[in-house]
There are 2 protein chains.
Amino acid sequence: MKQLTIIKIGGNVIDNSEKLHQFLLDFTALPGDKILVHGGGKIATELGSSLGIEPKMVDGRRITDIETLRIVTMVYGGLINKNMVAQLQAKGCNAIGLSGADGNVIQAVKRPVGKIDYGFVGDLNESSVSVKTLDVLLKNDLIPVLCAITHDGDTQLLNTNADTIASAVAVAMSREYETRLVYCFEKKGVLRDVDDDLSLVAEIRRNDFETLQAEGVVSGGMIPKLYNAFEAIRQGVKAVYIGKADELPQIDINGFGTRLID
Amino acid sequence: MKQLTIIKIGGNVIDNSEKLHQFLLDFTALPGDKILVHGGGKIATELGSSLGIEPKMVDGRRITDIETLRIVTMVYGGLINKNMVAQLQAKGCNAIGLSGADGNVIQAVKRPVGKIDYGFVGDLNESSVSVKTLDVLLKNDLIPVLCAITHDGDTQLLNTNADTIASAVAVAMSREYETRLVYCFEKKGVLRDVDDDLSLVAEIRRNDFETLQAEGVVSGGMIPKLYNAFEAIRQGVKAVYIGKADELPQIDINGFGTRLID
(Lines give C-alpha, C1' and ligand atoms only; values in the text may rest on other atoms or scores of the structure.)
Protein backbone atom coordinates (compact mmCIF):
# COMPACT_ATOMS: atom_id res chain seq x y z
CA MET A 1 0.00 0.00 0.00
CA LYS A 2 1.22 3.50 -0.83
CA GLN A 3 1.78 5.90 2.04
CA LEU A 4 -0.30 9.06 2.32
CA THR A 5 0.26 11.91 4.80
CA ILE A 6 -2.61 14.22 5.70
CA ILE A 7 -1.47 17.41 7.42
CA LYS A 8 -3.66 19.95 9.14
CA ILE A 9 -2.49 23.47 9.91
CA GLY A 10 -4.40 26.12 11.79
CA GLY A 11 -4.39 29.80 12.51
CA ASN A 12 -1.05 29.86 14.36
CA VAL A 13 0.71 29.00 11.07
CA ILE A 14 -1.65 30.74 8.64
CA ASP A 15 -1.57 34.09 10.45
CA ASN A 16 2.22 34.28 10.48
CA SER A 17 3.61 34.78 6.97
CA GLU A 18 7.15 33.66 7.85
CA LYS A 19 5.94 30.52 9.61
CA LEU A 20 3.62 29.82 6.71
CA HIS A 21 6.41 30.25 4.15
CA GLN A 22 8.65 27.83 6.06
CA PHE A 23 5.84 25.34 6.59
CA LEU A 24 4.95 25.35 2.87
CA LEU A 25 8.63 24.73 2.03
CA ASP A 26 8.67 21.78 4.44
CA PHE A 27 5.36 20.48 3.14
CA THR A 28 6.71 20.65 -0.43
CA ALA A 29 9.85 18.75 0.60
CA LEU A 30 7.90 15.96 2.32
CA PRO A 31 8.22 12.89 0.09
CA GLY A 32 5.26 10.78 -1.03
CA ASP A 33 1.58 11.46 -1.46
CA LYS A 34 0.15 14.16 0.78
CA ILE A 35 -2.93 16.28 1.41
CA LEU A 36 -3.03 19.62 3.21
CA VAL A 37 -6.04 20.78 5.23
CA HIS A 38 -6.12 24.33 6.51
CA GLY A 39 -8.28 26.18 8.96
CA GLY A 40 -9.06 29.84 9.08
CA GLY A 41 -7.12 32.15 11.32
CA LYS A 42 -7.67 35.76 12.21
CA ILE A 43 -8.31 37.06 8.69
CA ALA A 44 -11.97 36.01 8.62
CA THR A 45 -12.65 37.70 11.96
CA GLU A 46 -10.80 40.82 10.77
CA LEU A 47 -12.77 40.97 7.50
CA GLY A 48 -15.96 40.49 9.50
CA SER A 49 -15.22 43.45 11.77
CA SER A 50 -14.24 45.61 8.76
CA LEU A 51 -17.70 44.84 7.41
CA GLY A 52 -19.31 45.48 10.80
CA ILE A 53 -20.13 41.80 11.25
CA GLU A 54 -19.13 40.57 14.70
CA PRO A 55 -18.69 36.85 15.49
CA LYS A 56 -22.06 35.44 16.56
CA MET A 57 -22.06 33.53 19.84
CA VAL A 58 -24.92 31.63 21.51
CA ASP A 59 -24.24 30.10 24.96
CA GLY A 60 -20.53 30.57 24.35
CA ARG A 61 -20.64 28.65 21.06
CA ARG A 62 -19.68 30.20 17.75
CA ILE A 63 -22.56 30.33 15.26
CA THR A 64 -22.22 30.41 11.47
CA ASP A 65 -25.02 32.69 10.31
CA ILE A 66 -25.44 33.47 6.61
CA GLU A 67 -23.17 36.53 6.76
CA THR A 68 -20.43 34.58 8.53
CA LEU A 69 -20.74 31.81 5.94
CA ARG A 70 -20.22 34.37 3.17
CA ILE A 71 -17.11 35.64 4.91
CA VAL A 72 -15.53 32.24 5.54
CA THR A 73 -16.31 31.19 1.96
CA MET A 74 -14.45 34.27 0.73
CA VAL A 75 -11.56 34.06 3.18
CA TYR A 76 -11.00 30.30 3.53
CA GLY A 77 -12.05 29.28 0.00
CA GLY A 78 -10.70 32.33 -1.81
CA LEU A 79 -8.06 34.43 -0.07
CA ILE A 80 -6.24 31.86 2.07
CA ASN A 81 -6.65 28.83 -0.16
CA LYS A 82 -5.63 30.53 -3.42
CA ASN A 83 -2.67 32.36 -1.91
CA MET A 84 -1.47 29.15 -0.27
CA VAL A 85 -1.75 27.29 -3.57
CA ALA A 86 0.12 30.06 -5.43
CA GLN A 87 2.90 29.85 -2.82
CA LEU A 88 3.08 26.06 -3.07
CA GLN A 89 3.21 26.25 -6.87
CA ALA A 90 6.12 28.70 -6.62
CA LYS A 91 7.93 26.18 -4.39
CA GLY A 92 7.45 23.40 -6.94
CA CYS A 93 4.47 21.65 -5.33
CA ASN A 94 1.65 21.07 -7.82
CA ALA A 95 -1.09 22.05 -5.37
CA ILE A 96 -4.78 22.20 -6.23
CA GLY A 97 -7.05 24.10 -3.85
CA LEU A 98 -10.43 22.63 -3.07
CA SER A 99 -13.52 23.22 -1.01
CA GLY A 100 -15.66 20.20 -0.22
CA ALA A 101 -17.95 21.14 -3.12
CA ASP A 102 -15.15 20.87 -5.70
CA GLY A 103 -15.32 17.44 -7.26
CA ASN A 104 -17.78 16.68 -4.43
CA VAL A 105 -14.71 15.95 -2.34
CA ILE A 106 -16.44 16.42 1.02
CA GLN A 107 -20.18 16.33 1.42
CA ALA A 108 -21.53 17.24 4.83
CA VAL A 109 -24.88 17.33 6.60
CA LYS A 110 -26.08 20.59 8.11
CA ARG A 111 -25.95 20.20 11.87
CA PRO A 112 -29.49 19.55 13.16
CA VAL A 113 -30.93 22.34 15.28
CA GLY A 114 -30.97 21.21 18.93
CA LYS A 115 -30.63 23.37 22.00
CA ILE A 116 -28.37 25.53 19.89
CA ASP A 117 -28.80 26.37 16.22
CA TYR A 118 -25.22 26.42 14.97
CA GLY A 119 -26.34 27.78 11.61
CA PHE A 120 -24.52 26.77 8.45
CA VAL A 121 -22.22 24.21 10.02
CA GLY A 122 -21.61 20.86 8.37
CA ASP A 123 -21.05 17.53 10.14
CA LEU A 124 -19.33 14.63 8.44
CA ASN A 125 -20.12 10.93 8.28
CA GLU A 126 -18.53 7.75 6.81
CA SER A 127 -19.57 8.55 3.25
CA SER A 128 -18.61 12.24 3.30
CA VAL A 129 -15.24 11.93 1.59
CA SER A 130 -14.91 11.16 -2.12
CA VAL A 131 -11.92 8.82 -2.09
CA LYS A 132 -12.25 8.49 -5.86
CA THR A 133 -11.71 12.19 -6.62
CA LEU A 134 -8.81 12.58 -4.17
CA ASP A 135 -7.26 9.42 -5.59
CA VAL A 136 -7.52 10.71 -9.18
CA LEU A 137 -5.75 13.91 -8.17
CA LEU A 138 -2.98 12.15 -6.21
CA LYS A 139 -2.40 9.62 -8.99
CA ASN A 140 -1.88 12.53 -11.36
CA ASP A 141 0.59 14.29 -9.06
CA LEU A 142 -1.85 16.97 -7.97
CA ILE A 143 -1.62 17.77 -4.26
CA PRO A 144 -5.04 18.58 -2.72
CA VAL A 145 -5.19 21.62 -0.45
CA LEU A 146 -8.52 21.54 1.35
CA CYS A 147 -10.16 24.50 3.03
CA ALA A 148 -12.72 24.09 5.80
CA ILE A 149 -15.77 24.68 3.61
CA THR A 150 -17.98 21.75 2.63
CA HIS A 151 -21.35 21.46 0.88
CA ASP A 152 -24.54 19.46 1.44
CA GLY A 153 -24.99 18.28 -2.17
CA ASP A 154 -28.07 20.47 -2.45
CA THR A 155 -26.44 23.88 -3.23
CA GLN A 156 -25.65 24.82 0.39
CA LEU A 157 -22.06 25.53 1.41
CA LEU A 158 -21.26 24.73 5.05
CA ASN A 159 -18.58 25.74 7.53
CA THR A 160 -16.82 22.63 8.84
CA ASN A 161 -14.14 22.12 11.47
CA ALA A 162 -10.75 21.62 9.77
CA ASP A 163 -9.60 19.02 12.36
CA THR A 164 -12.70 16.98 11.58
CA ILE A 165 -12.09 17.26 7.83
CA ALA A 166 -8.49 16.10 8.22
CA SER A 167 -9.56 13.13 10.30
CA ALA A 168 -12.43 12.13 7.97
CA VAL A 169 -10.10 12.35 4.95
CA ALA A 170 -7.46 10.22 6.67
CA VAL A 171 -9.99 7.58 7.70
CA ALA A 172 -11.61 7.41 4.25
CA MET A 173 -8.28 7.30 2.41
CA SER A 174 -7.15 4.40 4.63
CA ARG A 175 -9.13 2.14 2.31
CA GLU A 176 -6.57 2.80 -0.45
CA TYR A 177 -3.47 4.07 1.34
CA GLU A 178 -1.45 3.55 4.48
CA THR A 179 -2.33 6.89 6.06
CA ARG A 180 -0.83 9.02 8.74
CA LEU A 181 -2.53 12.12 10.07
CA VAL A 182 -0.48 15.08 11.30
CA TYR A 183 -1.97 17.86 13.41
CA CYS A 184 0.20 20.96 13.64
CA PHE A 185 -0.62 23.11 16.64
CA GLU A 186 1.13 25.61 18.90
CA LYS A 187 2.75 23.06 21.22
CA LYS A 188 5.47 20.49 20.74
CA GLY A 189 3.04 17.66 21.45
CA VAL A 190 1.65 16.07 24.60
CA LEU A 191 3.83 17.32 27.47
CA ARG A 192 4.06 15.81 30.96
CA ASP A 193 4.79 19.35 32.12
CA VAL A 194 3.13 21.97 29.90
CA ASP A 195 5.97 24.41 30.53
CA ASP A 196 8.74 21.98 29.67
CA ASP A 197 9.25 20.98 26.04
CA LEU A 198 11.69 18.30 27.19
CA SER A 199 8.82 16.51 28.93
CA LEU A 200 7.36 15.51 25.55
CA VAL A 201 5.56 12.18 25.48
CA ALA A 202 6.97 10.81 22.22
CA GLU A 203 4.51 7.98 21.79
CA ILE A 204 1.10 7.04 23.16
CA ARG A 205 -0.50 3.67 22.49
CA ARG A 206 -4.23 3.34 22.68
CA ASN A 207 -4.01 1.29 25.87
CA ASP A 208 -1.91 4.00 27.55
CA PHE A 209 -4.49 6.71 26.94
CA GLU A 210 -6.60 5.95 30.02
CA THR A 211 -3.55 5.69 32.24
CA LEU A 212 -2.27 9.06 31.04
CA GLN A 213 -5.68 10.59 31.70
CA ALA A 214 -5.72 9.08 35.21
CA GLU A 215 -2.21 10.45 35.81
CA GLY A 216 -3.38 13.88 34.62
CA VAL A 217 -0.75 14.00 31.84
CA VAL A 218 -3.56 14.38 29.37
CA SER A 219 -6.20 16.86 30.43
CA GLY A 220 -8.42 19.69 29.29
CA GLY A 221 -8.69 20.30 25.55
CA MET A 222 -6.16 17.58 24.88
CA ILE A 223 -8.60 14.83 25.92
CA PRO A 224 -11.10 15.23 23.04
CA LYS A 225 -8.17 15.77 20.62
CA LEU A 226 -6.59 12.45 21.58
CA TYR A 227 -9.95 10.72 21.80
CA ASN A 228 -10.68 11.73 18.18
CA ALA A 229 -7.18 10.71 17.13
CA PHE A 230 -7.55 7.19 18.58
CA GLU A 231 -10.99 6.98 17.02
CA ALA A 232 -9.35 7.69 13.61
CA ILE A 233 -6.77 4.99 14.36
CA ARG A 234 -9.51 2.53 15.27
CA GLN A 235 -11.04 3.31 11.86
CA GLY A 236 -7.88 2.52 9.92
CA VAL A 237 -5.44 5.43 10.21
CA LYS A 238 -1.96 4.00 10.87
CA ALA A 239 -0.66 6.81 13.10
CA VAL A 240 -1.67 10.27 14.27
CA TYR A 241 0.96 12.89 15.10
CA ILE A 242 0.42 16.04 17.16
CA GLY A 243 3.22 18.58 17.14
CA LYS A 244 4.71 21.90 16.08
CA ALA A 245 4.64 22.87 12.38
CA ASP A 246 8.31 23.86 12.31
CA GLU A 247 9.37 20.34 13.30
CA LEU A 248 7.68 18.68 10.31
CA PRO A 249 11.02 17.94 8.54
CA GLN A 250 11.91 15.65 11.49
CA ILE A 251 8.94 13.35 11.01
CA ASP A 252 10.85 10.60 9.19
CA ILE A 253 14.12 11.18 11.07
CA ASN A 254 13.73 11.73 14.83
CA GLY A 255 9.95 11.72 14.85
CA PHE A 256 7.46 14.54 15.13
CA GLY A 257 5.70 15.62 18.32
CA THR A 258 3.62 12.96 19.98
CA ARG A 259 2.93 9.87 17.90
CA LEU A 260 -0.30 8.03 18.60
CA ILE A 261 -0.58 4.43 17.48
CA ASP A 262 -2.75 1.42 18.10
CA MET B 1 -11.02 14.06 -31.91
CA LYS B 2 -13.33 14.54 -28.93
CA GLN B 3 -15.42 17.70 -28.81
CA LEU B 4 -14.92 20.25 -26.03
CA THR B 5 -17.09 23.27 -25.36
CA ILE B 6 -15.67 26.24 -23.44
CA ILE B 7 -18.36 28.61 -22.16
CA LYS B 8 -17.81 32.04 -20.68
CA ILE B 9 -20.44 33.81 -18.61
CA GLY B 10 -20.21 37.32 -17.22
CA GLY B 11 -21.88 39.60 -14.73
CA ASN B 12 -25.26 39.71 -16.48
CA VAL B 13 -25.76 36.02 -15.64
CA ILE B 14 -23.84 35.88 -12.34
CA ASP B 15 -25.66 38.84 -10.77
CA ASN B 16 -29.11 37.40 -11.46
CA SER B 17 -29.78 34.32 -9.33
CA GLU B 18 -32.69 33.07 -11.49
CA LYS B 19 -30.71 33.47 -14.73
CA LEU B 20 -27.72 31.79 -13.10
CA HIS B 21 -29.81 28.86 -11.88
CA GLN B 22 -31.25 28.32 -15.37
CA PHE B 23 -27.88 28.70 -17.04
CA LEU B 24 -26.28 26.15 -14.69
CA LEU B 25 -29.10 23.70 -15.45
CA ASP B 26 -28.48 24.20 -19.19
CA PHE B 27 -24.72 23.92 -18.75
CA THR B 28 -25.23 20.64 -16.84
CA ALA B 29 -27.47 19.29 -19.61
CA LEU B 30 -24.98 20.13 -22.36
CA PRO B 31 -23.54 16.82 -23.57
CA GLY B 32 -19.82 16.16 -23.95
CA ASP B 33 -16.73 17.63 -22.36
CA LYS B 34 -17.03 21.22 -21.22
CA ILE B 35 -15.30 23.95 -19.26
CA LEU B 36 -16.95 26.97 -17.65
CA VAL B 37 -15.17 30.31 -17.26
CA HIS B 38 -16.82 33.00 -15.18
CA GLY B 39 -16.16 36.68 -14.70
CA GLY B 40 -17.00 38.81 -11.73
CA GLY B 41 -20.14 40.84 -11.62
CA LYS B 42 -21.29 43.47 -9.18
CA ILE B 43 -20.49 41.56 -5.97
CA ALA B 44 -16.80 42.49 -5.96
CA THR B 45 -17.60 46.18 -6.42
CA GLU B 46 -20.24 45.97 -3.68
CA LEU B 47 -17.86 44.27 -1.25
CA GLY B 48 -15.26 46.89 -2.09
CA SER B 49 -17.60 49.75 -1.22
CA SER B 50 -18.70 47.99 2.00
CA LEU B 51 -15.01 47.99 2.93
CA GLY B 52 -14.59 51.59 1.81
CA ILE B 53 -12.46 50.58 -1.18
CA GLU B 54 -13.62 52.30 -4.33
CA PRO B 55 -12.68 51.00 -7.81
CA LYS B 56 -9.35 52.54 -8.82
CA MET B 57 -9.28 54.22 -12.22
CA VAL B 58 -6.35 55.80 -14.08
CA ASP B 59 -7.10 57.51 -17.41
CA GLY B 60 -10.46 55.75 -17.48
CA ARG B 61 -8.85 52.31 -17.07
CA ARG B 62 -9.59 50.05 -14.14
CA ILE B 63 -6.55 49.33 -11.97
CA THR B 64 -6.05 46.27 -9.80
CA ASP B 65 -4.22 47.55 -6.74
CA ILE B 66 -3.36 45.18 -3.89
CA GLU B 67 -6.65 45.81 -2.07
CA THR B 68 -8.67 45.17 -5.21
CA LEU B 69 -6.72 41.97 -5.82
CA ARG B 70 -7.62 40.78 -2.31
CA ILE B 71 -11.27 41.48 -2.99
CA VAL B 72 -11.43 39.75 -6.37
CA THR B 73 -9.55 36.76 -4.96
CA MET B 74 -12.17 36.47 -2.23
CA VAL B 75 -15.18 37.14 -4.43
CA TYR B 76 -14.24 35.43 -7.72
CA GLY B 77 -12.14 32.62 -6.26
CA GLY B 78 -14.18 32.07 -3.12
CA LEU B 79 -17.74 33.35 -3.02
CA ILE B 80 -18.78 33.09 -6.68
CA ASN B 81 -16.70 30.08 -7.68
CA LYS B 82 -17.59 27.90 -4.68
CA ASN B 83 -21.28 28.76 -4.76
CA MET B 84 -21.41 28.07 -8.50
CA VAL B 85 -19.69 24.71 -7.99
CA ALA B 86 -22.08 23.79 -5.13
CA GLN B 87 -25.02 24.62 -7.41
CA LEU B 88 -23.60 22.58 -10.29
CA GLN B 89 -22.97 19.62 -7.95
CA ALA B 90 -26.61 19.79 -6.81
CA LYS B 91 -27.69 19.64 -10.47
CA GLY B 92 -25.58 16.52 -11.10
CA CYS B 93 -22.57 18.19 -12.74
CA ASN B 94 -19.29 17.09 -11.15
CA ALA B 95 -17.79 20.58 -11.20
CA ILE B 96 -14.38 21.46 -9.78
CA GLY B 97 -13.65 25.15 -9.21
CA LEU B 98 -10.21 26.44 -10.07
CA SER B 99 -8.15 29.58 -10.11
CA GLY B 100 -5.20 29.64 -12.49
CA ALA B 101 -2.93 28.73 -9.57
CA ASP B 102 -4.73 25.45 -8.89
CA GLY B 103 -2.86 22.68 -10.67
CA ASN B 104 -0.99 25.55 -12.36
CA VAL B 105 -3.87 25.62 -14.81
CA ILE B 106 -3.26 29.18 -16.01
CA GLN B 107 0.02 30.95 -15.48
CA ALA B 108 0.11 34.60 -16.47
CA VAL B 109 2.67 37.39 -16.71
CA LYS B 110 2.09 40.58 -14.73
CA ARG B 111 1.32 43.29 -17.26
CA PRO B 112 4.44 45.46 -17.75
CA VAL B 113 4.10 49.01 -16.47
CA GLY B 114 3.82 51.36 -19.47
CA LYS B 115 1.96 54.66 -19.63
CA ILE B 116 -0.46 53.08 -17.19
CA ASP B 117 0.39 50.76 -14.31
CA TYR B 118 -2.53 48.35 -14.32
CA GLY B 119 -1.35 46.80 -11.09
CA PHE B 120 -1.86 43.11 -10.42
CA VAL B 121 -3.21 42.22 -13.85
CA GLY B 122 -2.06 39.10 -15.67
CA ASP B 123 -1.58 38.72 -19.42
CA LEU B 124 -1.58 35.34 -21.09
CA ASN B 125 0.66 33.78 -23.73
CA GLU B 126 0.85 30.52 -25.73
CA SER B 127 2.23 28.52 -22.82
CA SER B 128 -0.12 29.89 -20.15
CA VAL B 129 -2.63 27.04 -20.13
CA SER B 130 -1.80 23.63 -18.66
CA VAL B 131 -3.52 21.35 -21.17
CA LYS B 132 -2.28 18.36 -19.18
CA THR B 133 -4.09 19.29 -15.94
CA LEU B 134 -7.35 20.21 -17.67
CA ASP B 135 -7.15 16.99 -19.68
CA VAL B 136 -6.66 14.88 -16.53
CA LEU B 137 -9.74 16.46 -14.97
CA LEU B 138 -11.91 16.06 -18.08
CA LYS B 139 -10.83 12.45 -18.62
CA ASN B 140 -11.96 11.74 -15.04
CA ASP B 141 -15.36 13.38 -15.54
CA LEU B 142 -14.50 16.46 -13.52
CA ILE B 143 -15.83 19.66 -15.09
CA PRO B 144 -13.45 22.63 -14.62
CA VAL B 145 -15.04 25.91 -13.50
CA LEU B 146 -12.43 28.63 -13.89
CA CYS B 147 -12.53 32.00 -12.17
CA ALA B 148 -10.69 35.01 -13.56
CA ILE B 149 -7.75 34.78 -11.15
CA THR B 150 -4.39 33.55 -12.41
CA HIS B 151 -0.88 33.41 -10.90
CA ASP B 152 2.63 34.20 -12.09
CA GLY B 153 4.28 30.99 -10.86
CA ASP B 154 6.19 33.04 -8.30
CA THR B 155 3.54 33.36 -5.53
CA GLN B 156 1.68 36.33 -7.03
CA LEU B 157 -2.02 36.01 -7.84
CA LEU B 158 -3.19 38.17 -10.75
CA ASN B 159 -6.52 39.50 -11.99
CA THR B 160 -7.12 38.38 -15.57
CA ASN B 161 -9.86 39.12 -18.07
CA ALA B 162 -12.31 36.19 -18.21
CA ASP B 163 -12.86 36.53 -22.00
CA THR B 164 -9.10 36.22 -22.48
CA ILE B 165 -8.93 33.16 -20.22
CA ALA B 166 -11.77 31.46 -22.13
CA SER B 167 -10.05 32.15 -25.44
CA ALA B 168 -6.61 31.00 -24.28
CA VAL B 169 -8.09 27.79 -22.85
CA ALA B 170 -9.96 27.09 -26.10
CA VAL B 171 -6.86 27.70 -28.23
CA ALA B 172 -4.61 25.55 -26.03
CA MET B 173 -7.13 22.70 -25.76
CA SER B 174 -7.45 22.64 -29.58
CA ARG B 175 -4.28 20.55 -29.58
CA GLU B 176 -6.20 17.67 -28.01
CA TYR B 177 -9.86 18.41 -28.70
CA GLU B 178 -12.14 19.82 -31.38
CA THR B 179 -13.03 22.99 -29.47
CA ARG B 180 -15.83 25.47 -29.64
CA LEU B 181 -15.85 28.65 -27.62
CA VAL B 182 -19.13 30.18 -26.46
CA TYR B 183 -19.41 33.74 -25.17
CA CYS B 184 -22.63 34.49 -23.34
CA PHE B 185 -23.43 38.17 -23.21
CA GLU B 186 -26.49 40.40 -22.91
CA LYS B 187 -27.43 40.37 -26.61
CA LYS B 188 -28.72 37.68 -28.94
CA GLY B 189 -25.56 37.91 -31.03
CA VAL B 190 -24.39 40.21 -33.85
CA LEU B 191 -27.46 42.14 -34.96
CA ARG B 192 -27.83 44.10 -38.24
CA ASP B 193 -30.19 46.35 -36.29
CA VAL B 194 -29.31 46.52 -32.57
CA ASP B 195 -32.96 46.99 -31.64
CA ASP B 196 -34.23 44.04 -33.64
CA ASP B 197 -33.46 40.52 -32.42
CA LEU B 198 -34.78 39.16 -35.73
CA SER B 199 -31.89 40.87 -37.53
CA LEU B 200 -29.42 38.36 -36.03
CA VAL B 201 -26.47 37.49 -38.23
CA ALA B 202 -26.43 33.71 -37.73
CA GLU B 203 -23.01 33.07 -39.17
CA ILE B 204 -19.91 35.08 -39.99
CA ARG B 205 -16.99 33.63 -41.90
CA ARG B 206 -13.59 35.14 -41.45
CA ASN B 207 -13.67 36.60 -44.97
CA ASP B 208 -17.00 38.34 -44.28
CA PHE B 209 -15.67 40.15 -41.22
CA GLU B 210 -14.17 43.09 -43.16
CA THR B 211 -17.27 43.48 -45.30
CA LEU B 212 -19.50 43.57 -42.23
CA GLN B 213 -17.25 46.19 -40.67
CA ALA B 214 -17.39 48.27 -43.88
CA GLU B 215 -21.19 47.96 -43.90
CA GLY B 216 -21.27 49.11 -40.27
CA VAL B 217 -23.02 45.90 -39.13
CA VAL B 218 -20.12 45.27 -36.79
CA SER B 219 -19.03 48.35 -34.91
CA GLY B 220 -17.92 49.66 -31.53
CA GLY B 221 -17.10 47.14 -28.84
CA MET B 222 -18.10 44.29 -31.14
CA ILE B 223 -15.04 44.82 -33.38
CA PRO B 224 -12.36 43.76 -30.86
CA LYS B 225 -14.66 40.93 -29.66
CA LEU B 226 -14.92 39.49 -33.16
CA TYR B 227 -11.29 40.22 -33.94
CA ASN B 228 -10.24 38.16 -30.90
CA ALA B 229 -12.71 35.43 -31.83
CA PHE B 230 -11.28 35.08 -35.34
CA GLU B 231 -7.79 35.13 -33.87
CA ALA B 232 -8.78 32.12 -31.70
CA ILE B 233 -10.16 30.42 -34.81
CA ARG B 234 -6.92 31.10 -36.68
CA GLN B 235 -5.13 29.39 -33.77
CA GLY B 236 -7.20 26.23 -33.96
CA VAL B 237 -10.59 26.81 -32.36
CA LYS B 238 -13.26 25.26 -34.60
CA ALA B 239 -16.03 27.79 -33.96
CA VAL B 240 -16.80 30.73 -31.70
CA TYR B 241 -20.37 31.55 -30.67
CA ILE B 242 -21.63 34.84 -29.28
CA GLY B 243 -25.14 34.92 -27.88
CA LYS B 244 -27.57 35.01 -24.97
CA ALA B 245 -27.07 32.59 -22.08
CA ASP B 246 -30.72 31.50 -22.02
CA GLU B 247 -30.47 30.20 -25.59
CA LEU B 248 -27.65 27.77 -24.82
CA PRO B 249 -29.90 24.66 -25.08
CA GLN B 250 -30.43 25.56 -28.78
CA ILE B 251 -26.74 25.31 -29.66
CA ASP B 252 -26.94 21.82 -31.19
CA ILE B 253 -30.50 22.23 -32.53
CA ASN B 254 -31.19 25.58 -34.18
CA GLY B 255 -27.86 27.16 -33.40
CA PHE B 256 -26.83 29.70 -30.80
CA GLY B 257 -26.40 33.42 -31.39
CA THR B 258 -23.83 34.32 -34.02
CA ARG B 259 -21.52 31.52 -35.09
CA LEU B 260 -18.06 32.54 -36.25
CA ILE B 261 -16.11 30.09 -38.38
CA ASP B 262 -13.10 30.07 -40.65
Side-chain angles (χ1 to χ4, degrees), chain A residues 21 24 43 47 50-53 69-105 107 130 132-133 135-137 139-145 147 149-158, chain B residues 21 24 43 47 50-53 69-105 107 130 132-133 135-137 139-145 147 149-158:
Chain A
H21 168 74
L24 296 175
I43 313 172
L47 179 66
S50 303
L51 291 168
I53 299 162
L69 181 68
R70 261 175 77 97
I71 288 174
V72 295
T73 303
M74 292 195 287
V75 174
Y76 302 173
L79 197 63
I80 295 177
N81 191 266
K82 297 315 157 201
N83 274 296
M84 211 177 272
V85 167
Q87 287 186 53
L88 283 166
Q89 286 286 344
K91 292 165 175 49
C93 173
N94 196 12
I96 184 165
L98 304 168
S99 73
D102 298 300
N104 192 28
V105 163
Q107 191 167 316
S130 169
K132 194 186 154 214
T133 301
D135 199 35
V136 159
L137 300 176
K139 286 215 166 74
N140 287 284
D141 300 319
L142 290 159
I143 309 298
V145 177
C147 69
I149 303 289
T150 60
H151 76 137
D152 72 351
D154 193 26
T155 78
Q156 187 61 58
L157 295 172
L158 296 166
Chain B
H21 168 74
L24 296 175
I43 313 171
L47 179 66
S50 303
L51 292 167
I53 299 161
L69 181 68
R70 261 176 78 96
I71 288 174
V72 296
T73 302
M74 292 195 287
V75 174
Y76 302 175
L79 196 62
I80 295 177
N81 191 267
K82 298 315 159 203
N83 273 296
M84 211 176 272
V85 167
Q87 286 186 54
L88 283 166
Q89 287 286 346
K91 291 166 176 49
C93 175
N94 196 9
I96 183 164
L98 305 167
S99 73
D102 298 301
N104 193 27
V105 163
Q107 191 166 317
S130 169
K132 193 186 155 218
T133 301
D135 200 34
V136 159
L137 299 177
K139 285 214 167 75
N140 288 284
D141 299 320
L142 290 159
I143 309 297
V145 177
C147 70
I149 304 289
T150 61
H151 76 138
D152 72 351
D154 193 26
T155 79
Q156 185 61 58
L157 295 172
L158 295 165

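Residue numbers begin at 1 in each chain, while the letters A, B, ... track the order of the sequences. All figures in this text were calculated on a predicted structure; none of them were measured in a lab.
Contacts with chain B were tallied for A:Leu88, A:Asn81, A:Ile143, A:Leu51; A:Leu51 has the most, counting heavy-atom pairs under 4.5 Å. Between chain B and the residues A:Ser50, A:Cys147, A:Cys93, the most heavy-atom pairs under 4.5 angstrom are made by A:Ser50. Residue with the most contacts toward chain A among B:Leu142, B:Leu98, B:Asn94, B:Leu157: B:Leu157 (heavy-atom pairs, distance under 4.5 Å). Of the listed residues (B:Leu47, B:Val145, B:Ile80), the one with the most heavy-atom contacts under 4.5 Å to chain A is B:Leu47. Heavy-atom pairs under 4.5 Å with chain A were tallied for B:Asp154, B:Ile149, B:Val136; the largest tally goes to B:Val136. Ranked by heavy-atom pairs under 4.5 Å with chain A, the list B:Asn104, B:Leu79, B:Thr73 is led by B:Leu79. The residue among A:Gln89, A:Gln87, A:Arg70 with the most heavy atom pairs within less than 4.5 Å of chain B is A:Gln89. Of the listed residues (B:Asp141, B:Val105, B:Asn140), the greatest number of heavy-atom pairs within a distance under 4.5 Å of chain A belongs to B:Asn140. In terms of heavy-atom pairs under 4.5 Å with chain B, the best-connected choice from A:Gly78, A:Gly52, A:Ser99, A:Gly77 is A:Gly78.
B:Leu24 does not touch chain A: none of its heavy atoms, backbone or side chain, sits under 4.5 Å away. In this structure, the portions of A:Asn83 lying under 4.5 Å from any heavy atom of chain B include both its backbone and its side chain. With a threshold of 4.5 angstrom between heavy atoms, A:Leu158 does not approach chain B through any atom at all. Proximity to chain A is limited to the side chain of B:Leu137, based on heavy atoms less than 4.5 angstrom apart.
Minimum heavy-atom separation, A:Gly103 to A:Thr133: O-OG1, 3.1 Å.
Defined by atom type and a distance below 3.5 Å, a donor-acceptor pair is missing between the side-chain atoms of A:His151 and A:Asp102.
To the nearest 0.5 Å, atoms CE (A:Met74) and CD1 (B:Ile43) are separated by 9.5 Å.
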